[in-house]
Amino acid sequence: MTRFLLMINLLLSGCLLLNDVKPISIPDKLTGDRTMPVANRAVVILGLSVEGSGYNLYTHPFSIHTDEYSVEHQNITGNCWRYNYVEAKVTGIVGTRQYFAFNVKPGYYVARELFSASRKNLVFEVPAGRIVYLGDFIWTTEAKVEFKRESGAIKSYFGEDVVLAEIREAPHQVTGVLCTP
């Protein structure tokens, strides 16, 4: 009964937010299992790391949220019914790096609200049928998010099938989806 009421509430509020992004297991380096995505999908890999304090990581894990993005409209895609995004979270263990993989719709994804207001949002191109490395997002000792790309380390672990995502800056700050009844 509770689930039914929750579904009715979501439908009436106009905020369903169906997400077509699915987390997947990281390929096993020992077995060499690196399944390529089908032609109309892609695999996105990103890393998270905590190298500094200054953030209450025990009550709020460090997380990265990238949204499907329209280059044509210069904003995130989706609406209150469908909203594709990649989200990864890591606990505050200083000095560790964790990688995440997601099966996604190809296109563009934007990392927003990560950097200071003076830096524009990063937009990543994710081509169809490829394994795409976005980069590593690192919480620093200066309590800021730093972005790095270590393609050599990624390729040594995930193989030569991995490509670096092409990056561009969004021309303005990107806002999220606002759903109201």
Side-chain angles (χ1 to χ4, degrees), residues 10 13-27 35-50 55 60-90 97-140 144-151 154-155 158 161-181:
L10 284 173
S13 72
C15 192
L16 195 53
L17 298 177
L18 296 173
N19 187 5
D20 191 31
V21 172
K22 306 293 179 230
I24 59 174
S25 298
I26 295 292
T35 307
M36 293 297 290
V38 295
N40 64 342
R41 301 293 290 180
V43 171
V44 165
I45 298 171
L46 60 91
L48 291 183
S49 177
V50 176
Y55 184 78
H60 296 88
F62 173 47
S63 65
I64 295 300
H65 190 100
T66 62
D67 304 300
E68 187 178 17
Y69 181 80
S70 168
V71 173
E72 179 184 349
H73 296 105
Q74 299 179 355
N75 211 344
I76 63 172
T77 63
N79 52 41
C80 295
W81 296 103
R82 186 196 62 78
Y83 173 57
N84 292 333
Y85 62 91
V86 170
E87 184 175 37
K89 295 180 183 179
V90 67
R97 185 162 300 171
Q98 186 172 350
Y99 288 96
F100 298 87
F102 300 89
N103 182 310
V104 303
K105 176 182 166 188
Y108 294 91
Y109 289 81
V110 62
R112 59 186 179 93
E113 301 173 1
L114 296 176
F115 310 105
S116 68
S118 63
R119 185 167 179 181
K120 295 186 179 181
N121 303 130
L122 297 180
V123 177
F124 301 94
E125 183 177 359
V126 178
R130 302 304 303 261
I131 301 172
V132 183
Y133 170 56
L134 301 186
D136 294 343
F137 298 89
I138 302 158
W139 183 262
T140 68
K144 295 180 182 176
V145 176
E146 186 176 293
F147 178 73
K148 289 184 181 178
R149 297 177 104 183
E150 299 178 12
S151 61
I154 287 296
K155 288 189 179 212
F158 293 102
D161 294 327
V162 176
V163 297
L164 290 173
E166 294 291 325
I167 299 176
R168 62 179 75 178
E169 287 188 349
H172 57 81
Q173 292 293 338
V174 179
T175 59
V177 173
L178 176 62
C179 299
T180 58

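For the single chain, residues carry numbers from 1 onward in sequence order.
- Of all the heavy atoms in Ala111 and Phe124, the pair that sits closest is CB-CE1, 3.9 Å.
- Note on ring orientation: taking the six-membered ring where Trp is involved, the planes of Tyr85 and Tyr83 are tilted (angle from 30° to 60°).
- With a 4.5 Å cut-off on side-chain heavy atoms, Tyr133 and Val163 do not count as touching.
- Ala128 and Ala39 get closest at one heavy-atom pair: CB-O, 3.1 Å.
- Dense packing is recorded around CD of Glu87, with more than 12 heavy atoms of other residues, nucleotides or ligands lying under 6.0 Å away.
- Contact annotation: the side chain of Val132 never approaches that of Val162 to less than 4.5 Å [non-hydrogen atoms, C-beta and beyond].
- In plain terms, the two heavy atoms of Ala42 and Pro106 that are nearest each other are N-CD, 4.5 Å.
- Here the OG1 atom belonging to Thr77 is positioned 11.0 Å from the OH atom belonging to Tyr69, to the nearest 0.5 angstrom.
- One finds the CG atom of Leu46 at 5.5 Å from the CG atom of Leu134 (value rounded to the nearest 0.5 Å).
- A pairwise comparison of heavy atoms in Lys89 and Ser63 identifies CG-CB, 3.5 Å as the closest pair.
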Ring pair (Phe, Tyr, Trp, His ring centres under 6.0 Å) assessment of Phe137 paired with Phe147: CA-CA 5 Å; Phe137 298 89; Phe147 178 73; 5.1 Å; yes
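- To the nearest 0.5 Å, atom CZ of residue Phe62 and atom CD of residue Gln98 are 12.0 Å apart.
- A salt bridge links Glu150 to Arg97: one of the charged nitrogens lies within less than 4.0 Å of a carboxylate oxygen.
- Between Ile76 and Glu68, the closest side-chain pair of non-hydrogen atoms is not below 4.5 Å.
- For the atom pair Tyr108 OH and Ile167 CD1, the distance stands at 13.0 Å (nearest 0.5 Å).
- Glu169 contributes atom CD, which lies 9.0 Å from atom CG of Asn121 (distance to the nearest 0.5 angstrom).
- Within a 6.0 Å sphere centred on NZ of Lys22, heavy atoms belonging to other residues, nucleotides or ligands number more than 12.
- Between Val43 and the choices Ile131, Val104, Asp161, the side chain to side chain contact (heavy atoms under 4.5 Å, CB included) rule is met once, by Ile131.
- Side-chain atoms of Arg41 come within 3.5 Å of backbone N or O of Asn103 as a donor-acceptor pair.
- Within the 3.5 Å criterion, the main-chain N or O of Ala165 finds a donor-acceptor partner in the side chain of Arg149.
- In this structure, Asp136 CG and Ser49 OG are separated by 7.5 Å, a value rounded to the nearest 0.5 Å.
- In terms of heavy atoms, Phe102 sits closest to Ala88 at CZ-CB, 4.2 Å.
- In this structure, the side chains of Val110 and Leu122 stay at 4.5 Å or more apart for every pair of heavy atoms.
- In this model, no donor atom of one side chain and acceptor atom of the other lie less than 3.5 Å apart for Tyr109 and Asn84.
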